[in-house]
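Notes for the one structure printed next.
None of the values given here were measured: they were computed from a predicted structure. For ligands, and for the atoms within them, numbers begin at 1 and follow the listed sequence.
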Amino acid sequence: MKNTTRHLKRVTAAAAVTLAAFSLSPSAASALPGGGSGGPAGEPGTQVVGGTPAEQGEFPFMVRLSMGCGGSLLTQDIVLTAAHCVDGSGENTGITATAGVVDLEDSAAVEVNSTEVLQAPGYDGTGKDWALIKLEKPIDQPTLPIAGDDSLNNGDFTIAGWGADKENGDQQRYLLKAQVPFIDDATCKSAYPNLVEGEELCAGKLDTGGVDTCQGDSGGPMFRKDDADKWVQVGIVSWGDGCARPGKPGVYTEVGTFAADIKKAADSLGG
Ligand code: ARG
């Protein structure tokens, strides 16, 4: 990825926290999806970045992290997220994972604190954008298996998150979901010459834009059904130039490439 883009990615984690602090406060409720009877100027019920609200229980493995990122349950007490969402490895009791709800303000939300963070070994801001967060106790929700190779890197993927619903938009109270098509590396390289092929995977509507993950979705999963009709995680929200711009797809950590490393790391956390 380009240096400018990388810088953009680095600063967004902090920006996402600020946005979260704003838009999740009760006073911002009117800006939230479903908060009004029709929606502002757009089509009713359709959010930006092409998303729509997820059903309660539809993606039970989704986790919201307190630093303003997404994540997924790799095991019931280990969250898979992005390396750029965390600050190195080691003991860390400062992260809270919220799970079990689409509405972050639902009183049924399960909140569990972290005990340890493991950032991808050798992570330097380019590629390898994955990390694990060990939780102090298990969360009683289904986990999301990760792809073991690149055989599912095709077709349409599901993305979901509580991040911004448009470029520079507010963080969301309700989980949004959307579908984005796979983009092959050669095509994606024309948008992003510094794409780390083999470590990064692109998805989005290249011609039109309009559907994408955005700031605050980082660390969350990109997933699809396998041949057995089960959800499998193929990507981790990593970066992009703006959000949902034509010609600028979303870039995701290629989970299949790192599956063995991720499993080994999870074992080392006692997962
Ligand atoms: N880096 C962003 C974050 O920290 C995610 C950006 C994803 N951007 C995109 N256009 N798909 O939340």
Answer yes or no: are there more than 12 heavy-atom neighbours, outside [X] itself, under 6.0 Å from its atom [atom1]?
X	atom1	answer
Asp87	CG	no
Lys189	NZ	yes
Asp140	CG	no

Is it true that [X] lies under 4.0 Å from ligand 1, counting heavy atoms only?
X	answer
Ser238	yes
Gly242	yes
Gly216	yes
Arg245	no

What atoms in ligand 1 come closer than 4.0 Å to a heavy atom of [X]?
X	answer
Gly250	11 (N)
Ser218	1 (N), 2 (C), 3 (C), 4 (O), 5 (C), 12 (O)
Asp217	12 (O)
His84	1 (N), 3 (C), 4 (O)

Going by an N to O cut-off under 4.0 Å, is there a salt bridge joining Asp77 and Lys137?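 Looking at Asp77 and Lys137, the cut-off is not met.
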Ligand 1 N/O within reach of Tyr252 N/O, cut-off under 3.5 Å: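 Min N/O separation from ligand 1 is not below 3.5 Å for Tyr252.
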Quick one: does Ser114's side chain have a donor or acceptor within less than 3.5 Å of a partner on Asn92's backbone?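 Yes.
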Pro181: partners by side-chain contact (heavy atoms from CB on, under 4.5 Å), with sequence neighbours left out: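 Per chain and number, Pro181 pairs via side-chain contact (heavy atoms from CB on, under 4.5 Å) with Asp156, Lys205.
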Regarding Ser72 and Gln233, do their side chains bring together a donor and an acceptor under 3.5 Å, going by distance alone?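 Gln233 and Ser72 do have a side-chain donor-acceptor pair below 3.5 Å.
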Could you check Tyr252 against Phe157 for ring pair (Phe, Tyr, Trp, His ring centres under 6.0 Å), going step by step and ending with a plain yes or no? CA-CA 11 Å; Tyr252 298 80; Phe157 303 128; 7.8 Å; no
At under 4.0 Å between heavy atoms, is it the side chain or the backbone of Cys214 that contacts ligand 1, or both, or neither?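 Only the backbone of Cys214 comes within reach of ligand 1.
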Side chain, backbone, both or neither: Asp241 near ligand 1, heavy atoms under 4.0 Å: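 Neither; no heavy atom under 4.0 Å.
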